[in-house]
Amino acid sequence: MLHVGEQTRIAMTDPSDAGFFGEFGGRYVPEPLVGACQEVEAAFRDAWSSDEFRTEFLTMLTDYAGRPSPMTECSNLGSDLGLRLLLKREDLNHTGSHKINNVIGQALLAKRMGKTRLIAETGAGQHGVATATAAALLDMECVVYMGEVDMERQALNVFRMRLLGAEVVPAMSGSRTLKDAVNEAMRAWVSEVTNTHYCIGSVMGPHPYPWMVRSFHEIIGCEANRQSQALLGGMPDLAVACVGGGSNAAGLFAGFADSPTTRLIGVEPAGGAAVGRGVPAIVHGMKAYFMQDEVGQILEAESISAGLDYPGIGPEHAFLSANGRAEYHPVTDDQVVDAFQMLARREGIIPALESAHAIAWVIQEADQLQGQTVLVNLSGRGDKDVQQVQDRLEQEAKLEGGIRA
Amino acid sequence: MTTARPTLSLETELRAKRASGRKLLMPYVTAGIVPDWLELVEAVIQAGADAVEVGIPFSDPAMDGPTIQEASVQALDNGITPASALSALATRTFGVPLLAMTYYNLVYRYGHERFAADLARAGVSATILPDLPIELADDWIETARRHGIENVLLVAPVTSDERLAMLVERTAGFLYSVSTMGTTGERSQLDDAAAVLSARVKAVSDIPVVVGFGISTPEHAVAASRTSDGIITASALMRRILDGASIDEAASLVADMRAALDVADFADQRGNDGSRHGRHLADG
Ligand SMILES: Cc1ncc(COP(=O)(O)O)c(C=O)c1O
């Protein structure tokens, strides 16, 4: 059983009253949504300072979601790479990813606010599944917006959400991926604010969401810090996580940001590298880094993993990047598929394609990391991606066969 | 009760028209929706517009429903940019004030100073930036003001009295009353919330109040104007263009709204319960 006190260690700073981390964040929403954001902020501040709420939250994370998640030492792949590799096993949470932490927090908050409906956007479907799960448990209505393209490549998760009683609505505009699902959910929220809570799935959106979602995920970093102490007698040299909007990374970083010897690494898909290719922009209620053209039209991200197919990054990551505390690096789809298979073969763990990004970066950098201790947040399990990887590998085999013939 | 506030060009013009007993009619045109969109701007002015809202399309219009989204995609596919839209406007002079409506990222990226200067050069009098809330608008409002550009703020049915007081204080040109909790788009019925909201604004300020979102027919225009100073119509007009109507066919909607507003009897509006008029409207 976890205790309230365990989650009080926070190594990252709170945003300003207006919701800014440095120059990033804020609340850039149209007038009809200002009141709703203020209501969420007031409710969150009240709940987060209440022992009763925290106890309820942590009890559900323990008894329902299965926390704490273990830390696993990967000796096989570690010795292949010449480093000490540890995984924080968010893949072992109920529903198969870190997303459940945030969703349980927001669903309990929504109940506390008297809301009867949850809406959410989803990319890979993991956040949608987690939201549908919490809605089923807490007897709330649930509608999930998902890009039409993502509904195809994550068909299994679409069925899971429906099985859990949620309605899944395709987002048909733009690239029909995560960015468009966010637009659709925002539009829906405006017309339903009185009885509906918008359960945003990453550290993004208008204040207080980036801060609130990170707070609900701090449990990852707090546990990992304690587990590192126990296993290593100190802190790892690196803490590495994949970054879409950045929630699993923010949760992990929260446990290590005040450890000056631990490098914080966010890994982005090369086709959705908001830090590498982005510039400050104001979209989805926040100022953060987004990939955009020269006049400010937002570009469509392109990644093998639906969960990282987002052209932006949360404001706190933009801030950590700008002030140099964290680094953000891209990896390609090919590297990700290799890492996916390597972790499966060498450790018997099939990672989510999203999480495989973090592994891929460690593999790429292995020469520079000889002898170091590397902690990777394994944000989710790969069951949902098996079909997609199989199709891709068969396609590649066919092409190769064609060339040889 | 109102406090003294500076009045600039659009607001001066709208106040004068209101004083003459005229209801304000402001059509919206997405820049670049068709190659000859400037002709569409001309046509709606000929049809009786008091000002024209020119939409500069954005890739992620989160406040807009399907019609304006589609109009934006079509315009972006036609290659329109903020700079090309303003350059095009700068080639002409129009008989009524123009407003630029867009999302804040395009302004931020352009740079406040340069955008305000280019708006002024293009003859644009005001801006509407729905995702730049009052708390974060100081720098833009100041920069715009220096170039003679007014910034129109939005008010919504859920806006608190406390915020409403700030909004009437800080808006310039007019106050944009969002008729319904939702996105832009054609509707068959006008939301009762519109009348309630306009009445709330009227109770605290004499700033012109113009109702937008979902005003699709001449009947809507008249109903919404009973408690306000006029209306904005966007999706219904853009829908006609997207469906292939000629510029004249599309502009005839504006002419019909103008005629309906001009013949309607608004004499009893003051102190009246405007909410009665918003109901049971036929879809045009
Ligand atoms: C397993 C997994 N990891 C990571 C992500 C990316 O989200 P974030 O960057 O917020 O951690 C997703 C999103 O769908 C996911 O499913």
Side-chain angles (χ1 to χ4, degrees), chain A residues 16-20 23 25-39 171-175 179-196 205-207 279-288 290-300 311-312, chain B residues 56-66 69-70 72-73 76 80-85 102-111 115 128-137 153-160 162-164 167 171 175-185 191 193 213:
Chain A
S16 71
D17 288 349
F20 284 91
E23 67 161 308
R27 181 181 287 153
Y28 292 88
V29 294
E31 184 62 25
L33 285 179
V34 170
C37 291
Q38 287 173 336
E39 187 188 355
M172 310 287 287
S173 60
S175 54
K179 150 175 112 80
D180 313 287
V182 175
N183 288 334
E184 227 38 74
M186 290 263 200
R187 290 178 185 121
W189 195 31
V190 179
S191 52
E192 298 152 0
V193 282
T194 39
N195 69 345
T196 299
H207 179 55
V279 274
I282 290 95
V283 195
H284 293 158
M286 61 182 172
K287 183 193 239 187
F290 275 85
M291 288 173 22
Q292 53 189 314
D293 71 8
E294 64 286 353
V295 306
Q297 310 292 0
I298 304 307
L299 297 176
E300 294 166 5
Chain B
I56 300 177
F58 180 50
S59 55
D60 294 82
M63 269 291 269
D64 286 303
Q69 287 175 44
E70 194 183 330
S72 301
V73 169
L76 290 170
I80 199 84
T81 65
S84 71
T102 193
Y103 286 82
Y104 179 57
N105 193 49
L106 297 183
V107 178
Y108 174 74
R109 194 70 203 275
Y110 209 106
F115 191 65
I128 304 175
L129 305 173
D131 61 342
L132 184 65
I134 186 170
E135 290 83 355
L136 298 167
L153 295 172
L154 273 61
V155 63
V158 289
T159 300
S160 66
E162 202 185 348
R163 280 184 74 78
L164 176 59
L167 295 172
T171 194
L175 187 63
Y176 190 144
S177 169
V178 175
S179 70
T180 184
M181 290 301 288
T183 53
T184 58
D191 197 323
F213 283 42

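Every chain is numbered from 1 and lettered A, B, ... according to where its sequence line falls, protein lines coming before strand lines.
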Identify which of [options] forms the greatest number of heavy-atom pairs closer than 4.5 Å to chain A.
options                            : result
S160(B), P157(B), P133(B), A156(B) : P133(B)
Y104(B), F58(B), Y110(B)           : F58(B)
L154(B), L76(B), L136(B), T81(B)   : L136(B)

Value rounded to 0.5 Å, distance of CG in D60(B) from CD1 in I282(A):
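It comes to 13.0 Å.
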
Taking the side chain as every heavy atom from C-beta outward, state whether [X] and [Y] have any pair of such atoms under 4.5 Å apart.
X       : Y       : value
I298(A) : Q292(A) : yes
D64(B)  : T183(B) : no
E135(B) : R27(A)  : no
P61(B)  : R187(A) : yes
Y28(A)  : L132(B) : yes
E31(A)  : L167(B) : yes
E184(A) : M172(A) : no
V279(A) : R109(B) : yes

[X] versus chain A, the contacting section by heavy-atom distance below 4.5 Å:
X       : result
V155(B) : backbone
V158(B) : side chain
I134(B) : neither
P57(B)  : backbone
T159(B) : both
L106(B) : both

Polar side-chain atom of T171(B) near backbone of L153(B) as donor-acceptor pair, under 3.5 Å:
yes

Greatest number of heavy atom pairs closer than 4.5 Å to chain B - which of A281(A), G26(A), G35(A):
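The answer is A281(A).
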
Under a 4.5 Å cutoff for heavy-atom pairs, which residue among V193(A), V34(A), L33(A), V283(A) has the most contacts with chain B?
V34(A)

Proximity breakdown for [X] and chain B, heavy-atom pairs closer than 4.5 Å:
X       : value
Q38(A)  : side chain
V295(A) : both
P280(A) : both
V182(A) : neither

